[in-house]
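Following: one structure in structure tokens, then a few remarks.
In this text, all values refer to a predicted model and were calculated from it rather than measured experimentally.
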Amino acid sequence: MALRPGARAWAVWSAGLAAYTIAVLHRTSLGVAGLDAQHRFHIGAGALASFAVLQLLVYAGLQVPVGLLLDRFGSLRLVVCGALVMACGQALMASTHSIGGAVAARVLVGAGDAMTFISVLRLVPQWFPARRVPVLTQMTGLVGQAGQVLSAVPLAAVLAGPGWTTAFVGAAGAGVFVAIVAFAAVRDTPERRISSGPAVTLGRLGRDLRDAWRHPGTRLGLWTHFTTQFTGTVFALMWGFPFLIAGEGLRRETASTLLTLFVLVGMAAGPLIGMLVQRHPLRRSWLVLGVISANALGWGLVLAWPGRAPLPVLVLLILALGLGGPGSMIGFDYARTFNPPNRLGTATGVVNVGGFVASLLTIELIGLILDARTGGRADYGIADFKVAMAVQYLVGAVGLVGILRTRRLARRRMAEDGVVVRPLREVLAQRRRLAPRPVVKAKT
């Protein structure tokens, strides 16, 4: 592979990125349509949350099987198939008036979404030199989050204007379009348009999954993704729009602007975090812990504020939540560096399970708490939301324990392999000792 990627590499990555962006639009479409969905299907918060939970459950449950299929069939076939499956789900959502139809639609969206992200991630090390992979991995995750802007602004505007059917038919059309673009532009490797791995056997499936899971670096990636990603996903996918409108009393346009800011913050922070990971690969966990602390402090400020929080405080929360996406991408860097290429898809799938399991648990818990406080009615107040949103601290504590434990195990494995990870305080002390002392000129 050339040290400087050519136009073909950028074209392949851009086509995959377009497919992922539309996948994020599909994934988050129910969040901006949440209040409309409650009226359309005559359901409460718990049932609405179950739609999103089911979608994420399908997504998370398919991550490992999709990772195994990715190692076998390559990115092109999975990206195209995923885009078409999601388009079918959105077309069904546009036409159905029954809860059963809506459930089937979200299952299709979750299944297609599961095929997309890790398939696009797989293209990066295939087409770009290793030194560029951390930054481009961040850019893949974060530029793709522009799909949230598409759901928060144009999709929300179509919902408020022409209505439900037009909005979801448009989303389905976007899915078909990116499937065509991916089929025309994506190649699995620089050498071959379609690259197939070894035949899938039960023995190989079990061996790859077992080996990926046994390495503590893979589990560290899973817990990293679990803890950094879920707060932002819960906010963007399900409860952010209702929280800002019904809880904080914002206008729909202001809530859309804040969700757009959430995406822009992640896009701005991603390259910086990617460069820090590239330059300090043995200090990645400190970045992860910093992101977790920012999320906890942001929510703490909003939840502790008497009554409704002012707009500047909500902006601070959005700035903190925007760091979650870049932080979660560090989990995939763990998968890449701790696993050989032949099981990278499997390890990436394992890592990607983490954040979505945490998200679906949190979404459902918030919905159940809101229903318990309002008796299933959709007339939520800010006090109801504060109690419900506080459950995020419980989920985050579980993930933090997982990070600290697997970090210790991963460092032990690295020491066995001859890699020495010195404590951060020792590194900083050495830098202070080696720093040149200022020259003080004697007075004459």
Side-chain angles (χ1 to χ4, degrees), residues 24-25 27-40 43-45 48-49 52 145-164 167 230-268 294-325 359 362-363 366-367 369-371 373-374 377-392:
V24 174
L25 162 66
R27 181 192 304 168
T28 56
S29 59
L30 187 61
V32 298
L35 297 177
D36 301 271
Q38 286 189 265
H39 292 296
R40 182 179 180 89
I43 55 176
L48 178 63
Q145 296 306 308
Q148 293 185 34
V149 178
L150 296 178
S151 63
V153 182
L155 183 66
V158 175
L159 280 167
W164 181 278
F230 84 96
T231 52
T233 299
V234 168
F235 195 85
L237 186 65
M238 186 73 259
W239 291 119
F241 226 65
F243 170 75
L244 294 174
I245 295 175
E248 294 292 348
L250 300 183
R251 297 173 59 222
R252 184 181 288 262
E253 295 78 8
T254 306
S256 294
T257 301
L258 288 179
L259 287 179
T260 302
L261 176 63
F262 167 79
V263 177
L264 296 177
V265 170
M267 293 173 65
N295 285 332
L297 290 173
W299 271 116
L301 181 61
V302 170
L303 297 181
W305 199 273
R308 290 175 169 171
L311 186 59
V313 173
L314 295 176
V315 170
L316 289 177
L317 171 64
I318 297 300
L319 294 177
L321 293 179
L323 300 176
S359 299
T362 307
I363 287 172
I366 290 173
I369 293 171
L370 287 174
D371 271 351
R373 289 184 60 88
T374 65
R377 300 185 305 277
D379 54 346
Y380 318 118
I382 186 60
D384 303 317
F385 270 109
K386 286 187 174 184
V387 173
M389 291 298 188
V391 79
Q392 294 177 97

Measure the spacing between [atom1] of [X] and [atom2] of [Y] and express it to the nearest 0.5 Å.
| X | Y | atom1 | atom2 | result |
| --- | --- | --- | --- | --- |
| L297 | L317 | CG | CG | 11.5 Å |
| L259 | T28 | CG | OG1 | 9.0 Å |
| F235 | T362 | CZ | OG1 | 14.0 Å |
| L314 | L319 | CG | CG | 11.0 Å |
| D384 | F243 | CG | CZ | 11.5 Å |
| L311 | T257 | CG | OG1 | 9.5 Å |

Apply ring-ring contact (aromatic ring centres under 6.0 Å, His included) to F262 and list each qualifying residue two or more places apart in sequence or on a separate chain.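 Partners of F262 under the ring-ring contact (aromatic ring centres under 6.0 Å, His included) test: none.
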Is a side-chain N or O of K386 found less than 3.5 angstrom from the main chain of G307, in a donor-acceptor match?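 Such a contact is found between K386 side chain and G307 backbone.
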If you take all heavy atoms of [X] and [Y], which pair is closest and at what distance?
| X | Y | answer |
| --- | --- | --- |
| L303 | A390 | CD1-CA, 3.9 Å |
| A157 | P162 | O-CD, 4.4 Å |
| N295 | L321 | OD1-CA, 3.4 Å |
| G298 | A320 | CA-CB, 4.3 Å |
| L159 | W164 | CD2-CA, 3.9 Å |
| F230 | Q392 | CZ-O, 3.4 Å |

Heavy-atom check, side chain of L261 versus side chain of V315, under 4.5 Å: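 Yes - at least one pair of side-chain heavy atoms lies under 4.5 Å apart.
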Side chain proximity check, M389 to V302, heavy atoms < 4.5 angstrom: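 Not touching, per the 4.5 Å side-chain cut-off.
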Qualifying ring-ring contact (aromatic ring centres under 6.0 Å, His included) pairs, either residue in residues 300-323, two or more places apart: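 The answer is none; no pair qualifies.
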